[in-house]
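Comments concern the structure below.
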Amino acid sequence: MADENLRQEHEYTEEELQYVYENRRYVGTKETVGFVLWDAAQSLNINSYSSRFITNIVKIDLGYQAIVTGVNGVWDIVNDIFTAAIVEKTRTRWGKFRPYLMGLAIPGAIFTLLYWFMPIIFGGKSTVDMGKFIFFFVGEIIRQEVATFQEISRTGLLSTITPHPSDRTRLITLANFASGTFGEKLPEQIMTVLLDLIDNNVIKSSSKNTEQLMRGIFVGMGSFCTVASSAMSFWFFMNSKERIMQSIHSPSIVASFKSIVNNKPVLLIALSDFLSAFGIGGSKTDYYIDVLHFASMTLVAGIPAAPISPISYSYVPWLRRHFSSRVLYIVSHYISNFVFLFVFGFGCIGFNPKTFKGGLYRKKLPMFFAMATWEVLWTLFYGLRSVIGTEMYNEAMDYCEWKNGYRTEAMTSVAKQLAKKVADTASRTLTTALKKFIGYDENAYTSGGEQPDYVKFYLFAMFTIVPSITGALGIIPMLFYDLSGKKKELMYAELLERRNRASAIASEGDIEAMNKLADEQIKK
């Protein structure tokens, strides 16, 4: 087995070891533009309002929602392994991942449109209507299955679109920079303003008309985002390429699992995700709307940080050169948790725990300063956070190829997500149940009512201190991540040599030599 401890057979020159830092480009302009559009399509949605859509617009009982969340989460976990096995065995002229991304783009869009049309299909039905519940339940299962194929293939395509880490980092950075600079959350921002205008009676209407207006806004915005994002993604899939050759023989299920077990970087990332996902918490949107009655706080508080977002990408290369991946990952991913502890303490000034009265957390102006401070500190690491997690996973996938002689993107992607999904399913189920337990009134929003004082405090706590404490354990595994420095340089030097050899043999069309090379790499 190829291992970093057995690399003394060949001494690489300093130039060969520095290959990992060279500015190599394999992806052309057209494909780069497509990649940027594809990345933008991932955030062209109003998903942050999904919970409010199902609870307040479609009006499905919170208890029913907890059932769907729990069952769908278990099904997602069980079915992931089978889906990954199918993708792992795929070898086509179009690649390993592109067939699924292209083939499921239209079906995925259709089922998502049905999701957004539920208020029209089931208008006037009660919160416990069984037909509405079954439609929602079955629809979520199907959408989850399509999303599983797409997620696995999306991750795999990103790791194979270019063989060079610098080129890959360039694509990720450029895409995130473009999205952040040109309004990646524009649909959600428009949605926020519209809901605020209605909630604060700037747009005046009767109770019945208000409900119809909100329903129309959700259906219209949700449908537009679905069609637009699907079209942008499909265009990229048609014009993209997979440039890293897969092994001729697809690895067996046992070999796939073996490649995960001996992949230390993936195991550490997966464990970190698992522990972080246990962070139980509420929604910032719920707090802004139900407590402050100011959904636009998410826009207003973000104004001081807005200029920082594009600038935050400029110092990512410098940080990557001077600090280890584990330090950058920990700081960029957990700064939010740390600052939220201070936000909670600030919001509790003047709060009476016996009567649930008072507290700065109920006032717009003080919380603007608190949340604006949080936004600034969080945004300072926005560029790094957008790049480092994805690139660490891609490096771990290259590590798999280096160590085993073959790539298992699909199974590794599932393994990485599996533990997280177990914890995330439990967390989301508990969060939904906790929301019902504290007495949240799902009808108050559309009827013009108010949540009780104690519910308002719990909504504030559930979005600040609770997830900050419960999700902090994810830091521990990343303290042991060591794929950096000379180890990473050696890995990419050998991968370059190996891939060049494989490419030369493939161009000659020597099937016997290709099979021999594949056997050599697996048996190394």
Would you find a donor on one side and an acceptor on the other, under 3.5 Å apart, between the side chain of [X] and the backbone of [Y]?
| X | Y | answer |
| --- | --- | --- |
| N263 | A396 | yes |
| T173 | R170 | no |
| S312 | S309 | yes |
| E242 | R98 | yes |
| S240 | F237 | yes |

What distance separates [X] [atom1] from [Y] [atom2], expressed to the nearest 0.5 Å?
| X | Y | atom1 | atom2 | result |
| --- | --- | --- | --- | --- |
| W402 | E494 | CH2 | CD | 7.0 Å |
| S272 | I476 | OG | CD1 | 9.5 Å |
| S386 | D39 | OG | CG | 8.5 Å |
| I469 | F344 | CD1 | CZ | 8.0 Å |
| M191 | I46 | CE | CD1 | 4.0 Å |
| I335 | I330 | CD1 | CD1 | 12.5 Å |

What I want to find out is whether [X] reaches [Y] closely enough, with some N-O distance under 4.0 Å, to be called a salt bridge.
| X | Y | result |
| --- | --- | --- |
| D398 | K403 | no |
| K264 | D482 | yes |
| K486 | E489 | yes |
| E401 | R498 | no |

Looking only at side chains, do [X] and [Y] share a donor and an acceptor under 3.5 Å apart?
| X | Y | result |
| --- | --- | --- |
| Y393 | S159 | no |
| S468 | N337 | no |
| S332 | Y382 | no |

Requested in this report: Could you check Y481 against S324 for side-chain hydrogen bond (donor to acceptor under 3.5 Å, both in side chains), going step by step and ending with a plain yes or no?
Outcome: CA-CA 9 Å; Y481 188 91; S324 67; over 6 Å; no
Query raised in the report: E188 and S48: side-chain hydrogen bond (donor to acceptor under 3.5 Å, both in side chains), yes or no, with the steps?
Result: CA-CA 7 Å; E188 287 186 351; S48 65; 3.2 Å; yes
**Report entry** Test log, rule side chain to side chain contact (heavy atoms under 4.5 Å, CB included), inputs V68 and E140
**Finding:** CA-CA 8 Å; V68 174; E140 287 297 279; 4.1 Å; yes
According to the interplanar angle, ranging from 0 to 90°, do the rings of [X] and [Y] count as parallel (below 30°), tilted (30 to 60°) or perpendicular (above 60°)?
| X | Y | result |
| --- | --- | --- |
| W318 | H322 | parallel |
| F463 | Y287 | parallel |
| Y329 | H333 | parallel |

[X], [atom1] atom: more than 12 neighbouring heavy atoms under 6.0 Å:
| X | atom1 | result |
| --- | --- | --- |
| F342 | CZ | no |
| K241 | NZ | no |
| F338 | CZ | no |
| W75 | CH2 | no |

Report task. Begin from the C-alpha positions of R243 and T160 and carry the test side-chain hydrogen bond (donor to acceptor under 3.5 Å, both in side chains) through to its verdict. Result -> CA-CA 6 Å; R243 291 179 173 80; T160 58; over 6 Å; no
**Report entry** Check: F35 ring centroid to W38 ring centroid under 6.0 Å
**Finding:** yes
Requested in this report: Measure from NZ or CZ of R143 to the centre of the six-membered ring of Y115, then state whether that distance is under 6.0 Å and the direction lies within 45° of the axis.
Outcome: yes
Query raised in the report: side chain to side chain contact (heavy atoms under 4.5 Å, CB included) between K89 and K96: does it pass, once the steps are laid out?
Result: CA-CA 8 Å; K89 292 290 184 181; K96 180 177 178 179; over 6 Å; no
